[in-house]
Amino acid sequence: MSFNYETYLRNDKMPTQWCSGCGLGNLMKAIIRAMTDCGIGNNDASIISGIGCSGRMSSYIDCNTLHTPHGRTLPYATGLKLSRPDKHVIVVSGDGDSMAIGGNHFIHTCRRNIDITLIVANNFTYGLTGGQFSPTTPANSWAPTAPYGTLEPQFDICEMAQASGATFVARSTVANLKHLTEMIRLGLEHKGTSVVEVISNCHVNFGRRNKHPEAPEMVNWIRQCCVDQDVIEVLPLEDLEGKFVVGVLSKKERPEYTAQWAKFVEKVQHEH
Ligand SMILES: Cc1ncc(C[n+]2csc(CCOP(=O)(O)OP(=O)(O)O)c2C)c(N)n1
Ligand code: SF4
């Protein structure tokens, strides 16, 4: 399939402000490809993002966008989806945006199983503000806010999503555009809360301090850390240490919130 990126982009905003080689460029490409694959046009969807380098996604994709305060993408997305259940609501958020300041919204969005696709660009850091450590920064990493190394263990975004009730959970990376497009496409097709974690390179503010200062090398490192979900059964546990398991990690059926809400409103109006 050929992809007409210009149709989806705000071409007057190009080139992007992202650093050269930033993984977010590939993520933007994958989102446009997945929307094209699903036949979702600019007006069929809304892209909502928070504040952060990942937050710029809503400035660049021309798609009924909302650029919301840091950590607050999901309340906006929930309101929008409730008022326009016919639209695809796609949230693009950073690991800080969705796991730190927006962590509570993340949990309750997954719990409701509202039909939103949440794409979390996990670059292990607060990229925009200079590389402070985030809830997904690996332990023993260096950051300006951890001059002696980080002590805290990292959150597993996909485990958090599953435990909170998201009915589609997948992980991919910017190192494999085809796989990433496929995971986003499956998330878009799923009816319910879908969470797609995307391991991305911030070589500038994370990699530079943690032995991966160049984009190609950091992308290769990400690639080498990936293990496909299909093969983990046959691997010894120690081979999974420090690896990102990629693929569809869980898919379940459960009533979707906007459909439940419509029925609920009808029932209440009928009874009162
Ligand atoms: C309420 C509030 N607190 C803090 C900030 C400052 N701030 C802006 S972006 C950001 C972190 C961005 O990190 P992440 O969400 O991981 O996105 P990335 O830049 O890595 O894509 C912070 C702390 C803010 N804008 N608003
Ligand atoms: S600071 Fe990091 S996340 Fe932000 S644009 Fe640069 S490489 Fe990408």
Side-chain angles (χ1 to χ4, degrees), residues 8 27-28 30-50 54-55 57-58 61-68 71-94 97-99 102-121 157-172 180-198 247-268:
Y8 286 91
L27 174 56
M28 185 160 74
I31 293 171
I32 292 173
R33 286 182 175 210
M35 288 176 70
T36 309
D37 284 348
C38 294
I40 301 173
N42 305 55
N43 241 338
D44 305 325
S46 170
I47 296 204
I48 300 175
S49 66
S54 46
M57 204 63 81
S58 61
I61 302 185
D62 185 11
C63 204
N64 303 305
T65 50
L66 285 174
H67 198 174
T68 71
R72 305 291 178 241
T73 54
L74 290 167
Y76 282 83
T78 300
L80 180 63
K81 186 69 192 179
L82 275 170
S83 63
R84 293 300 304 264
D86 55 313
K87 299 284 179 198
H88 285 271
V89 175
I90 305 166
V91 171
V92 182
S93 181
D97 198 74
S98 59
M99 286 289 109
N104 212 4
H105 300 305
F106 180 93
I107 294 169
H108 296 293
T109 303
C110 296
R111 177 172 66 89
R112 292 187 190 109
N113 194 33
I114 188 164
D115 188 22
I116 289 171
T117 300
L118 169 57
I119 299 168
V120 186
I157 297 173
C158 290
E159 277 182 10
M160 181 63 129
Q162 289 176 65
S164 307
T167 45
F168 178 91
V169 180
R171 186 184 285 118
S172 190
L180 178 55
T181 304
E182 177 68 359
M183 293 303 113
I184 296 174
R185 181 181 71 77
L186 292 172
L188 290 173
E189 285 173 358
H190 180 76
K191 196 85 190 139
T193 303
S194 49
V195 177
V196 182
E197 178 187 348
V198 182
V248 177
L249 306 184
S250 90
K251 183 169 162 57
K252 293 179 190 153
E253 295 300 324
R254 196 156 68 74
E256 190 277 325
Y257 189 71
T258 52
Q260 295 281 96
W261 178 254
K263 281 188 206 156
F264 181 71
V265 169
E266 204 180 295
K267 181 173 170 281
V268 171

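Quick note: residue numbers are just sequence positions, from 1.
For the side chain to side chain contact (heavy atoms under 4.5 Å, CB included) with Leu188, the lone residue among Ile119, Val196, Thr117 that qualifies is Thr117.
When all heavy atoms of Ala34 and Ile184 are compared, the pair lying nearest together is CB-CG2, 3.6 Å. Nearest approach of His67 to Gly55, heavy atoms of both residues: NE2-O, 3.3 Å. Closest non-hydrogen pair, Asn42 versus Asp62, comes out as ND2-O, 2.8 Å. When all heavy atoms of Cys38 and Arg185 are compared, the pair lying nearest together is SG-CG, 3.5 Å. The two residues Gly94 and Val120 make their nearest non-hydrogen contact at O-CG1, 3.8 Å. The two atoms that bring Ser164 and Ile107 nearest to each other are CB-O, 3.6 Å, heavy atoms only.
Glu253 places none of its side-chain heavy atoms less than 4.5 Å from the side chain of Thr167. Taking the side chain as every heavy atom from C-beta outward, Asp37 and Thr181 approach each other to under 4.5 Å. Using a 4.5 Å cut-off on side-chain heavy atoms (C-beta onward), Met57 and Met28 make contact. With a 4.5 Å cut-off on side-chain heavy atoms, Leu118 and Phe106 count as touching. A 4.5 Å side-chain heavy-atom check between Thr193 and Arg112 finds every atom pair outside the cut-off. The closest side-chain heavy-atom distance from Thr36 to Arg33 is not below 4.5 Å.
Side chain of Asn64 to backbone of Ala45: a donor-acceptor contact under 3.5 angstrom is found. Between the side chain of Lys87 and the main chain of Asn43, a donor-acceptor pair closer than 3.5 Å is present. A donor-acceptor distance shorter than 3.5 angstrom exists from the side chain of Glu256 to the backbone of Asp115, with no hydrogens or angles considered. Although no hydrogens or angles enter the test, the distance criterion places no donor-acceptor pair under 3.5 Å between the side chain of Thr65 and the main chain of Ile47. At distances below 3.5 Å, at least one donor-acceptor pair connects side-chain atoms of Arg254 with backbone N or O atoms of Gly165. Checked by atom type and distance alone, the side chain of His88 never pairs as donor or acceptor with a backbone atom of Ser46 at under 3.5 Å.
Atoms OG1 and CG, from Thr258 and Asp86 in turn, are 10.0 Å apart once rounded to the nearest 0.5 Å. To the nearest 0.5 Å, atom CG of residue Asp44 and atom CE of residue Met35 are 7.5 Å apart. Going from atom CE of Met99 over to atom OG of Ser93 covers 8.0 Å, rounded to the nearest 0.5 Å. A distance of 13.0 Å separates CD1 in Ile90 from OG1 in Thr73, rounded to the nearest 0.5 Å. Taken from CD1 in Ile48 to NZ in Lys81, the straight-line distance is 10.5 Å, to the nearest 0.5 Å. In this structure, OG in Ser49 is found 8.0 Å from CG in Asp97, a value given to the nearest 0.5 Å.
Classification of Glu266 and Lys263 as a salt-bridged pair fails, no side-chain N sitting under 4.0 Å from a carboxylate O.
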